[in-house]
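Each remark here refers to the structure printed beneath this line.
Since we're looking at a predicted model, the values are computed, not measured. Every chain is numbered from 1 and lettered A, B, ... according to where its sequence line falls, protein lines coming before strand lines. Any value given below was found using the heavy atoms of this structure, including those in side chains, with hydrogens, waters and symmetry copies removed.
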Protein chains: 2
Amino acid sequence: MRGRTASPPANRRRLTLGGQTNEGRRAVSDQRGGSPTLEMVAALAGVSRATVSRVVNNSPKVSVRVVERVNEAIASLNYVPNRAARTLASRRTRTIALVMPESTAKLFSDPFLASVTQGIALHLADTDYTLTMLIASDDTPEKTQRYLLGGNVDGALVVSHHSGDHSLGEVSRTLPVVFGGRPLAAGGALTYYVDVDNYGGARAATEHLLGRGLRQHGTIAGPQDMPPGLDRLAGWRDALDAEGLDSTLVECGDFTPESGAAAMIRMLDRGRPLDALFVANDQMAAGVYSVLHERGLAIPANIAVVGFDDNFYGATATPPLTTVRQPSNEMGAKMAEVLVRVIEQRDVPRVTVLPTELVVRGSAG
Amino acid sequence: MRGRTASPPANRRRLTLGGQTNEGRRAVSDQRGGSPTLEMVAALAGVSRATVSRVVNNSPKVSVRVVERVNEAIASLNYVPNRAARTLASRRTRTIALVMPESTAKLFSDPFLASVTQGIALHLADTDYTLTMLIASDDTPEKTQRYLLGGNVDGALVVSHHSGDHSLGEVSRTLPVVFGGRPLAAGGALTYYVDVDNYGGARAATEHLLGRGLRQHGTIAGPQDMPPGLDRLAGWRDALDAEGLDSTLVECGDFTPESGAAAMIRMLDRGRPLDALFVANDQMAAGVYSVLHERGLAIPANIAVVGFDDNFYGATATPPLTTVRQPSNEMGAKMAEVLVRVIEQRDVPRVTVLPTELVVRGSAG
DNA sequence: CTGAAAGCGCTAACAG
DNA sequence: CTGTTAGCGCTTTCAG
């Protein structure tokens with residue numbers, strides 16, 4: 001039915017395909033593992049390539065009978081559409097970049113980040129988007145930017161603790177971008193982001209300590225150039241201020257256990273009374289624990305401690321750490337969901353804040 | 001210089017492009033952010049598209065002068081080759097899949113895996129390969145297989161704790177695949193893999209314990225259906241057997257802190273004397289610590305403990321954990337390196353084993 | 001060493 | 001609802 005020699009000019013491209021060249025290609029394909037093409041499906045189903053394409057893309061305007069026939073052909077041939085061809089023709093890559101600043105990648109072992117990433121990957125697995133990991137080298141931001149803007153992806157997800165990279169702020173004016181965590185130098189109301197309620201969590205943690213009658217508070221805060229660091233400190237401060245208590249016993253770390261230990265030592269050396277401590281993340285709390293143990297200070301008898309994150313190390317510490325659980329997985333999933341909506345031009349709020357939850361354990365019963 | 005009207009048939013495709021249609025497209029491009037095309041570079045440099053392509057692909061047979069001219073054009077136009085087009089034409093995707101079984105993804109917070117992933121990503125960032133993350137759903141292995149074999153990637157990297165997935169073994173006969181960790185049901189000498197010296201590390205750990213004069217050994221082993229679990233147990237056993245000591249005090253966990261705690265309780269309940277314990281990973285060691293503390297058993301005074309992994313939690317535990325450091329980052333990098341070599345058909349050994357190193361700390365001075 | 005020509009596999013108007 | 005027709009942007013023989 002499609003073997004008839006076409007009448008138009010003889011040097012047209014498709015003609016070659018209809019002739020023996022087709023056989024020639026077949027041989028090559030075979031030895032290469034030869035993925036079946038849309039054209040082969042069309043031939044088997046007895047329809048045009050356009051129709052097969054429509055079926056593959058779930059176009060509503062194809063008769064049920066044909067859809068069925070095509071799907072059978074697809075199944076029997078084990079056909080898989082070629083991504084590159086699809087992208088080239090449609091200008092949609094169906095690819096989303098997971099951008100991670102190099103400095104962040106180095107801290108990848110951070111369970112929180114890993115968990116967010118996992119949430120993203122798991123959510124995307126159910127869509128037909130593919131996730132590509134992009135390490136944004138700190139010293140060649142143009143390379144990243146070029147890649148992102150080079151039509152290689154439909155959108156980008158940015159996870160980082162040093163949130164709010166400038167170069168990416170620019171990118172977000174051209175490409176759909178969703179940030180994980182409030183960007184620092186937010187590009188105004190122009191960026192999309194998903195965050196956890198750092199302020200609320202910190203405040204709840206502190207109020208819990210307050211509820212136990214504790215009055216001498218201190219906090220090991222996170223870096224003050226990172227939104228989570230800022231927001232958690234603010235939550236702690238406001239909870240204390242509301243009670244008219246002192247909120248000046250603050251030492252900052254950088255979210256690593258070592259920095260937590262160092263900050264704790266500095267705080268203790270200030271010699272001020274202390275019976276309640278809020279630590280801005282569980283990793284630093286681990287550092288705090290070791291210092292407190294060394295100094296012979298009992299938790300929570302001498303000092304009650306509350307952390308932030310809820311990774312499993314806190315749960316198995318001695319005593320188990322009271323902490324603020326943040327829905328890291330959900331955060332990743334939400335980021336992916338928001339981005340897909342933006343890409344598909346569907347309606348979606350620019351800011352999404354996920355609730356945190358206080359998990360009470362032995363360190364601040 | 002290239003403006004002359006072509007002489008062949010008037011209904012050829014390129015002709016349309018040369019005419020006003022070109023202008024038409026330009027308008028469209030401009031409003032879309034219009035990435036410059038190879039054709040534009042060619043025009044600016046006054047050469048053919050083929051030549052530009054050669055330059056872009058570092059073909060050695062282009063005169064220096066032309067290379068220079070083309071590169072200038074590329075720079076001034078800020079040209080970035082279109083991946084999809086490249087892939088379609090060359091049949092090389094320059095994309096590598098990072099395959100992670102869903103069950104593994106759920107445990108992604110495992111610092112070891114995160115670190116391997118990081119090593120992979122960092123290594124690939126220096127090549128022109130792109131990394132795409134693929135979660136292999138446990139219940140639809142065909143989907144994954146189809147994707148991998150559908151010509152979407154040039155090769156795959158498989159990381160998992162349940163190493164040696166069957167479906168992937170098949171894939172590896174058609175697509176270059178490198179496994180992280182010795183595959184369980186190895187497809188014979190046919191698979192490539194990079195592993196750390198689990199056996200050697202476990203043996204060294206045990207010999208260290210032996211060197212301290214300890215004689216009553218026990219081990220919390222990993223799952224016995226996973227190569228690392230098997231290999232570490234074998235190393236422990238052989239070290240003991242070589243000294244003619246008993247090697248039957250074994251309890252297995254599944255690498256989680258909880259399972260480590262449970263296994264420790266079972267072991268203690270067996271009521272056998274014990275003064276040296278080798279735990280197959282640091283996470284389980286965390287569980288072991290909490291149980292030992294509860295029972296009032298001092299580390300290392302009553303029982304010396306050695307773990308395996310060396311994540312930072314072990315370092316900040318009380319007492320700091322003596323453990324076997326495995327080069328997780330390097331493992332990832334090596335996997336990527338091996339895969340790239342396989343893809344590029346360069347010579348590379350099927351098996352690569354990275355050395356482990358004993359880190360002596362307080363838990364087994 | 002360089003150019004011309006022919007597609008890679010798919011989508012997207014545009015006609016029926 | 002379905003087929004026809006042009007390409008998407010790049011690589012790759014094949015001739016010079």
- Query: Counting side-chain heavy atoms from C-beta on, which of D:dG9, D:dT4, C:dT11 comes nearest to A:S48?
  - Reply: D:dT4
- If you draw a 6.0 Å radius around CZ in B:R65, do more than 12 non-hydrogen atoms from other residues or ligands fall strictly inside? no
- Item | B:R350 to B:Y192, cation-pi by 6.0 Å centre distance and 45° axis angle | yes
- Query: Under 3.5 Å, side chain of A:D154 to main-chain N/O of A:I96, donor-acceptor pair present?
  - Reply: no
- Give one of base, sugar-phosphate or nothing for B:S63, where a contact means two heavy atoms less than 4.0 Å apart. sugar-phosphate
- Any ion pair linking A:R69 and A:E72 (charged N to carboxylate O, less than 4.0 Å)? no
Write down the protein N/O and nucleotide N/O pairs, taken from nucleotides 13-16 of chain C, whose separation is under 3.5 Å; answer none if there are no such pairs.
none

- Item | Spacing between A:R91 atom CZ and C:dC10 atom C1', to the nearest angstrom | 13 Å
- From the options D:dC10, C:dT2, D:dA6, select the nucleotide whose nearest atom is closest to the side chain of A:R49. D:dA6
- Query: In whole Å, what is the span from the CD atom of B:E39 to the C1' atom of D:dT11?
  - Reply: 14 Å
- Item | DNA chain D: 5'-proximal contact among B:A84 and B:T51 (nearest heavy atom) | B:A84
- Measure from CG on A:N57 to P on C:dA12 and round the result to the nearest Å. 7 Å
- Query: Any donor and acceptor pair, going by atom type alone, linking the side chain of A:T51 with main-chain N or O of A:R49 inside 3.5 Å?
  - Reply: no
- Taking atom P of C:dG7 as reference, at what distance in whole Å does atom CG of B:L38 sit? 20 Å
- Note on the structure: Separation of C:dC8 atom C1' from A:R86 atom CZ, nearest Å, is 16 Å
- Note on the structure: Heavy-atom nearest nucleotide on DNA chain C taken for B:P60 and for A:V52; more 5' hit belongs to B:P60
- Query: What is the distance, rounded to the nearest whole Å, between atom CZ of A:R92 and atom C1' of C:dG9?
  - Reply: 17 Å
- Task: To the nearest Å, give me how far apart CG (B:D128) and P (D:dT11) are.
- Result: 11 Å
- Message: Is A:S90 close enough to C:dT11 that one of its side-chain N or O atoms is under 4.0 Å from OP1 or OP2 there?
- Response: no
- Item | Donor-acceptor under 3.5 Å (B:N82 side chain, B:A84 main chain) | yes
- Task: Could you tell me whether B:V66 contacts a base, only the sugar-phosphate backbone, or nothing, with contacts defined as non-hydrogen atoms closer than 4.0 Å?
- Result: sugar-phosphate
- Query: Quick check: does any side chain N or O of B:N152 sit under 3.5 Å from a backbone N or O of B:L148, one acting as donor and the other as acceptor?
  - Reply: no
- Looking at D:dC10, D:dT12, C:dT11, which one has an atom nearest to any side-chain atom of A:A89? C:dT11
- Message: Classify A:V56 by what it touches in the nucleic acid, base, sugar-phosphate, or nothing, heavy-atom distance under 4.0 Å.
- Response: nothing
- Message: Output the rounded distance in Å from CG (B:L88) to C1' (C:dA6).
- Response: 13 Å
